[in-house]
Amino acid sequence: MLLPNKTKYRKVRKGKIKGKASKNNALAFGKYGLQTLDAERITSRQIESARQAMTRYIKRGGKVWIRIFPHTPVTRKPQDVKMGSGKGNPEYFAAKVKPGTIMFEMDGVEEVHAREAMRLAAHKLPVKCKFVVKQDVV
């Protein structure tokens with residue numbers, strides 16, 4: 001599972017995920033990518049589950065890049081605790097993604113295999129996704 005080595009603050013406020021992605025919105029490493037169409041928090045467990053689904057399908061052929069990282073700690077209070085008495089403890093880490101963010105990239109496999117692997121990965125994520133292909137510039 002992905003999680004940061006060190007964080008500046010232990011607890012972070014929720015905040016809003018506004019606008020479209022201006023960074024991380026184009027393919028940089030691979031030929032194929034998985035792009036999000038929604039704004040959402042994606043947990044480190046969901047990222048790992050999607051990565052496993054992709055690598056299992058392509059049978060360790062090709063290369064997969066994970067373009068998102070879960071920096072944001074998400075807190076939760078214990079069960080059966082009354083209202084008040086402060087904020088809960090950090091439970092897991094999440095990545096905030098905006099619409100248009102490239103989450104995963106892949107190269108070294110045929111398009112049909114990449115498309116199916118990304119489809120399987122998209123089922124593990126809480127956002128609507130789109131398969132994108134790098135346009136060859138001639």
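Residue numbers start at 1 and run along the sequence shown. No experiment lies behind these values; they were computed from the predicted model shown.
The structure places OG1 of T75 at 11.5 Å from CZ of R13, a figure rounded to the nearest 0.5 Å. Between atom CE of residue M1 and atom CZ of residue R51 there is a gap of 12.5 Å, rounded to the nearest 0.5 Å.
Distance alone, capped at 3.5 Å, places no donor-acceptor pair between the D107 side chain and the K63 backbone. Checking side-chain atoms of K134 against main-chain N and O of G33 turns up no donor-acceptor pair under 3.5 Å. When atom types are taken as modelled, the side chain of K31 and the backbone of E111 share no donor-acceptor pair closer than 3.5 angstrom. A distance-only check finds a donor-acceptor pair linking the side chain of Q35 to the backbone of G100 [under 3.5 Å]. At least one donor-acceptor pair closer than 3.5 Å links the side chain of K11 to the backbone N or O of K87. Looking only at distances, a side-chain donor or acceptor of E105 sits under 3.5 Å from a matching main-chain atom of A28.
Side-chain contact between N89 and R10 is present, with heavy atoms from C-beta onward closer than 4.5 Å. The shortest distance between side-chain heavy atoms of R41 and I17 falls below 4.5 Å.
For CD of E110, the number of neighbouring non-hydrogen atoms (other residues, nucleotides, ligands) closer than 6.0 Å is 12 at most. Around NZ of K77, the count of heavy atoms belonging to other residues, nucleotides or ligands within 6.0 Å exceeds 12.
Only one option out of Q46, R45, Q52 pairs with E48 in a side-chain hydrogen bond (donor to acceptor under 3.5 Å, both in side chains); it is Q52.
A21 and K98 make their closest contact through N-CB, 3.8 Å (heavy atoms, listed as atom of the first residue, atom of the second, distance). Smallest separation of non-hydrogen atoms from P70 and S44: CG-CB, 3.7 Å. Of all non-hydrogen atoms in S49 and K124, the two that sit nearest each other are OG-CD, 3.3 Å.
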Using side chain to side chain contact (heavy atoms under 4.5 Å, CB included), reason through R67 and F29 one step at a time and then give a plain yes or no.
CA-CA 10 Å; R67 296 282 308 275; F29 304 104; 3.6 Å; yes
Apply salt bridge (charged side-chain N to carboxylate O under 4.0 Å, His left out) to residues E116 and R119 and explain how you reach the verdict.
CA-CA 5 Å; E116 180 61 18; R119 187 189 69 78; 2.7 Å; yes
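Taking Ile, Leu, Val, Met, Phe, Trp and Tyr as hydrophobic and joining them when side-chain heavy atoms fall under 4.5 Å apart, one finds F104 in a cluster with L2, Y32, L34, I42, I47, M54, Y57, I58, V64, I66, I68, F69, V97, M103, M106, V109, M118, L120, L125, V127, F131, V133.
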